[in-house]
Protein chains: 2
Amino acid sequence: MSDPAGGLNAEQLGAYFALMEVSSLLQYAVDEHLRADGDLSYVQFQILARLVDAPDGRLRMTDLADGVVYSRSGLTYQAGLLDKRGLITRAPSPEDERSVMVTVTDAGRALVAHVLPGHVDRVRQLLFESMDGQDLAALSAILGRVRGHMRANPPRSAKPRAGRNRTD
Amino acid sequence: MSDPAGGLNAEQLGAYFALMEVSSLLQYAVDEHLRADGDLSYVQFQILARLVDAPDGRLRMTDLADGVVYSRSGLTYQAGLLDKRGLITRAPSPEDERSVMVTVTDAGRALVAHVLPGHVDRVRQLLFESMDGQDLAALSAILGRVRGHMRANPPRSAKPRAGRNRTD
DNA sequence: TATTGTTATACTCTATAACTATA
DNA sequence: TATAGTTATAGAGTATAACAATA
């Protein structure tokens, strides 16, 4: 039942396509809003939001990189942009001189606060307006489980390693 | 962040984050596979897959553009790459000389056939391995409804128009 | 040696506008 | 005039590898 000819049945295929289209449209809409309302990409917003949620508004670069899928250099690039705009500051960590502590500035907090209502509003309008409480509970449960499964089973090389691990 | 004004409750926020993470990881995994196994981006795979599904393996550029969110020039760019590799051909439509008919070649069909099993397998492993029949039915129903809602309510300007634009 | 982060570089992708041609 | 598609161009974003500094 779950593997006809090693593939997906019609319902699974439909769910897959629906998921891709929904997330794509949602991503597009949210990105557009963040850009128009705060001149932020979704990645930049994620970085700021994480910092706002962190104790003292600070995180190490490495901690920031976890969850944001990109490479280290990609994070450095984005952090550079945010730094230039005065939304974050970077300073070497006193505890470990190799690390860089990233801190949200007041301007950064203000921008997140400015952008958040509209952001959340788009998500509600697009994603939740056509769902009732039961749908929400079901979706939460399913996606939560899937997320856990995905985190546990990185398909091949979800994240690049620094050292050995070179086979091609 | 815990109480966004007029926004989402904790469960909604959690579902939103879960959706974004799941789709992001799935997109990443699928993209990686397509690139490794067929040197195709997800967009290119979508184009080829649409053509394979189309009658006679042919579609106009405009028809291809619908559903693939990108701009016309973006589609031209991608089609150019596929053309160069001999996976599609392009020829002016006999019916309407303005249109360009895109056709999958045998090589294009072969590549899709080559890549599809692994593609579908990744989706099954990542997305459906942790779901039972009930989950699948619920997810299908919910996402199908959300998709319909999203298609009916483009947030602002989901697709670019040729003529006059807003001034904000 | 391993880890943290930056830089240099090259490449992919996307969007805008100007352009051609057909209807 | 409106539609279909291409081209030129510019910009954002990402990945890789080489690099420096600290543990």
* Check the pair B/Asp135, A/Arg145 against salt bridge (Lys or Arg N to Asp or Glu O under 4.0 Å), reporting the backbone distance first and the verdict last. => CA-CA 10 Å; B/Asp135 293 334; A/Arg145 204 168 339 110; 2.8 Å; yes
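For A/Glu97, taking side-chain heavy atoms from C-beta onward, the closest of the listed nucleotides D/dT22, C/dT6, C/dT12 is D/dT22. Nearest nucleotide to the A/Met61 side chain, out of C/dA23, C/dT6, D/dG5: C/dT6. Of the candidates C/dC13, D/dA4, D/dT14, the closest approach to any side-chain atom of A/Gln78 belongs to D/dT14. Side-chain proximity of A/Tyr28 to the nucleotides C/dA15, D/dT14, D/dA4 is greatest for C/dA15. Comparing D/dG13, D/dA4, C/dT7 by their nearest atom to the side chain of B/Arg98 picks out D/dA4. For B/Ser41, counting side-chain heavy atoms from C-beta on, the closest listed nucleotide (C/dT4, D/dG13, C/dC13) is C/dC13.
Judged by atom type and distance alone, B/Ser73 reaches the base of C/dA15 through a side-chain donor-acceptor pair under 3.5 Å.
Within the 4.0 angstrom heavy-atom criterion, only backbone atoms of the sugar-phosphate kind lie near B/Leu81; the bases stay farther away. No contact: B/Ser93 has no heavy atom under 4.0 Å from any strand.
Of the charged side-chain nitrogens involved, at least one lies within less than 4.0 Å of a carboxylate oxygen, so that B/Arg35 and B/Asp31 count as a salt-bridged pair. The pair B/Arg60-B/Asp63 counts as a salt bridge, with a side-chain nitrogen and a carboxylate oxygen less than 4.0 angstrom apart.
Of the options B/Leu51, B/Val52, B/Leu48, a side chain to side chain contact (heavy atoms under 4.5 Å, CB included) to B/Arg109 is made by B/Val52 and by none of the others.
B/Gln46 places its CD atom 13 Å from the P atom of C/dC13, with the value rounded to the nearest Å.
Between A/Asp96 and A/Arg35, it is A/Arg35 whose nearest contact on DNA chain D lies nearer the 5' terminus.
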